[in-house]
Every structure is written in structure tokens, then in C-alpha cells.
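Take a look at the structure below.
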Amino acid sequence: MEEEGIVFRTGTDVGKDIKAQKLLQDFDRVVLACGASNPRDIKAPGRDAEGIYFAVDFLTANTKSLLNSGFEDKKYVDTRGKALVIIGGGDTGNDCVGTAIRHGAKTVTQIEMMSKAPDQRAQDNPWPQWPKVCKTDYGQEEAIALYGHDPRIYETTVKEFVKDKKGSLKAVKTVKLSWEKDPESGRMVMGEVPGSEQTLEADIVLIAAGFLGSQDYVAEAFGVERNERTNVKTAPGEYQTNIKNVFVAGDMHRGQSLVVWAIREGREAARAVDESLMGYSNLVVQ
Ligand SMILES: Cc1cc2nc3c(=O)[nH]c(=O)nc-3n(C[C@H](O)[C@H](O)[C@H](O)COP(=O)(O)OP(=O)(O)OC[C@H]3O[C@@H](n4cnc5c(N)ncnc54)[C@H](O)[C@@H]3O)c2cc1C
């Protein structure tokens, strides 16, 4: 990328707070590509207990410590011998399951609020439709091999984080959920099943309950409009935001997605920027 003329601001610029206004003064166009790692929180009583982490913070610290020092710097959350509860049954939760197990966690439970998908395609989901079946990823496979059972429990949510006298997490109170008809709207909503409360031992909780777009401060600094899904808004298939000369691409534009989509969006945004500067573009996006 450097050979193609891209200048990476390093050295004295690293960690510096460069104001949005300054970037817009110094550059003809700005592309926002800050990802979508603003985590959805679980606001249950006891949330301030020590031992509760957001999944991406846990995973990032783990990878950095591993790559920088082979875990010698100790700048990660060690789950060895600990009881883990992971909130969220998606891909990020699965990465947490795998990482916690490889540290040597004592127990790992993954809580999912939705129902378990069927193991085989349902009759109303034939080929060539996308198969809506239960996916067992590498983290869960490792858990099954090690502990002898799937770490996931479904239709369950957290009611309370239980602390000890020192404020450290010691357990998680859960409750079962079921679909019920809302008497006011008539819509099906998840409701708690009375008497289904359970207490799970927990030294560490990892919250992997989804993402709410990019960090607010970036969008606010540039004044870019966001949509109802908390992503930065553009017209469909476009990259120009509501603010002149400011473009957006990747997860910040489409929400948490995949690397291949981020690459595609980067290319299309580059084309849109080129077009806005030149009046045309010869860049071909395949
Ligand atoms: C736990 C997890 C596992 C995943 N696993 C996969 C997988 O296996 N395969 C796959 O295809 N996708 C995976 N994804 C999704 C994939 O990581 C993203 O879709 C992709 O990285 C999006 O690229 P991006 O460039 O838009 O954003 P990011 O890769 O998130 O990059 C955004 C960058 O902007 C920086 N940044 C943010 N704010 C500022 C600021 N104010 N100033 C300067 N820099 C800033 C961030 O530090 C970050 O480096 C995973 C995501 C998560 C969370």
C-alpha cells in the first residue's frame, strides 16, 4: 500500500487525538472506516461486579498479549481454572468459548436467548435456500470434546450478576424465556418463564451480545447521520454520507459483517471518492 502512495501516519501521530475538523481542513476527502465494535451491554443488576468484560476487549487483549509476548506480559484476562459464562450464542461468543477453553477454563456456559435451530433442515427450508440449522463451531466442538456436552443453553437470559462482599462476580442468575403474545400489540415477544430461575457459578462473564455500530464519538465528531441500525447512513449502494466530502465503508457502513465485505466496500468507496474528485473513475471494482 505504501508503494502505491498511501502514507501511514506513524511515530508522533500514534495515539494523538486529531480533530475531525482538522482532518476535513487538511484533506479533500475523508473515508470513515472505524468498524462497528460498540458492544451491546447487558444492563442487569450487579453489572458493576468485577470480572465482567466485553468479548472484543477480552479477545483483543488475548491476541495482543499472545503476539507481543507469548503471554509473558500478562496483559490479558486469564481464564485458567475459572468458571466462565459467555452471554451470546453467535460467532463472537464462539471465539470466547474457544479462547477460554484453550486457557484452561474450569467450566464454560454459553447463554443464548433465541431457540435452538433444528439439526436438520425443516420442511419449509428446502435446498437451495440458506440452511437454517444449528451450527456447531470450533469453540463449541472443543467444549464438547473436553467437557462432554454442548456449552450452549438456549431461550435463556441473565437476570442478575451476583457479587461477593468484595464486589467480585461469583454467580449469574438466569431465567428461561418463551415466546408470548403481547396483549397490547398482538405481536409475539419473548417473555420470562415464571419459576425458571437458575444460578450458575461464574468467576468471569464475557458479554458477546451483539454490536451497536461504531463508537458514537466518531460519528458525532463528523456529524454524520446514522440509520435505525446505528450504522452510518448513505443512499443504498453509495458511500457518500450526509456530510460533504465524508465517505464511509466497511462495518461502520453495513454493521458487523465479514472481512470480504469490508474489502469490497473499501474498493467501492475508493471508486466513489475518485469519482467525486475527478468527475469520473477508471477504477474497476470486480
Ligand atoms: C470477534 C470477532 C470475530 C470475527 N471473525 C471473523 C471471521 O472469522 N471472518 C470474517 O470474515 N470476519 C470476522 N469478523 C468480522 C470482521 O472482523 C469485520 O467484518 C471486519 O474486520 C470489518 O473491517 P473494517 O475495516 O470495516 O473494520 P475493523 O476491522 O473493525 O477496523 C476498524 C479500525 O478502525 C480503528 N479505529 C476505530 N476508531 C478509530 C478512531 N477514532 N481513530 C483511528 N482509528 C480508529 C480500530 O481500531 C480498527 O483498527 C469478526 C468480528 C469479530 C468482532
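Whatever order the structure lists them in is the order used to number ligands and atoms, beginning at 1.
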Can you tell me the protein heavy atom closest to [atom] and the distance?
atom: atom 38 (N) of ligand 1; value: Cys34 CB, 3.6 Å
atom: atom 27 (O) of ligand 1; value: Gly35 CA, 3.4 Å
atom: atom 14 (N) of ligand 1; value: Ser257 O, 4.0 Å

Please verify whether a non-hydrogen atom of [X] lies at under 4.0 Å from ligand 1.
X: Gln256; result: yes
X: Ser37; result: no
X: Tyr217; result: yes

May I ask you to decide if [Y]'s main-chain N or O and [X]'s side chain share a donor-acceptor pair within less than 3.5 Å?
X: Arg271; Y: Leu283; answer: yes
X: Arg40; Y: Ala209; answer: yes
X: Asp137; Y: Gly139; answer: no

Considering only heavy atoms, which of Asp95, Leu23, Thr92, Leu59 lies nearest to atom 3 (C) of ligand 1?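 Among Asp95, Leu23, Thr92, Leu59, the closest heavy atom to atom 3 (C) of ligand 1 belongs to Asp95.
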
Would a 4.0 Å cut-off, counted as strictly less than, catch a protein heavy atom around [atom]?
atom: atom 8 (O) of ligand 1; result: no
atom: atom 40 (C) of ligand 1; result: yes
atom: atom 48 (C) of ligand 1; result: no
atom: atom 44 (N) of ligand 1; result: no
atom: atom 29 (O) of ligand 1; result: no
atom: atom 35 (C) of ligand 1; result: no
atom: atom 12 (N) of ligand 1; result: yes
atom: atom 22 (C) of ligand 1; result: yes

Verify the cluster assignment for Leu177 and Tyr154: are they in a single hydrophobic cluster under the rule of side-chain heavy atoms below 4.5 Å apart?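 No, separate clusters.
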
Only heavy atoms of [X], strictly under 4.0 Å: list the atoms of ligand 1 that pass.
X: Val218; result: 41 (N)
X: Ala33; result: 32 (C), 33 (C), 34 (O)
X: Ala262; result: 22 (C), 23 (O)
X: Leu258; result: 10 (C), 11 (O), 12 (N), 19 (O)
X: Gly250; result: 26 (O)
X: Val259; result: 10 (C), 11 (O), 12 (N), 19 (O)
X: Asp251; result: 18 (C), 19 (O), 20 (C), 22 (C), 26 (O)

Can you tell me how the ring of Phe71 sits relative to the ring of His103, calling it parallel under 30°, perpendicular over 60° and tilted otherwise? perpendicular

Please report the closest heavy-atom contact between [X] and [Y], naming both atoms and the distance.
X: Gln140; Y: Lys135; value: OE1-O, 3.9 Å
X: Val246; Y: Leu24; value: CG2-CD2, 3.6 Å
X: Asn231; Y: Gly213; value: OD1-CA, 4.1 Å

Strictly by modelled atom types, are Ser214 and Arg226 linked by a side-chain donor-acceptor pair under 3.5 Å? no

Using only heavy-atom distances, determine whether the side chains of Ser168 and Glu50 contain a donor-acceptor pair under 3.5 Å.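 Distance-only check fails for Ser168 and Glu50.
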
Does Arg47 qualify as a cation-pi partner of Phe54, given the criterion of NZ or CZ under 6.0 Å from the six-membered ring centre and within 45 degrees of its axis? yes

With Leu84, which of Thr107, Leu206, Val205 fulfils side-chain contact (heavy atoms from CB on, under 4.5 Å)?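 In the set Thr107, Leu206, Val205, the residue that makes a side-chain contact (heavy atoms from CB on, under 4.5 Å) with Leu84 is Leu206.
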
Cys134 side chain reached by Arg152 side chain, heavy atoms, under 4.5 Å: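 With C-beta onward as the side chain, the pair touches.
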
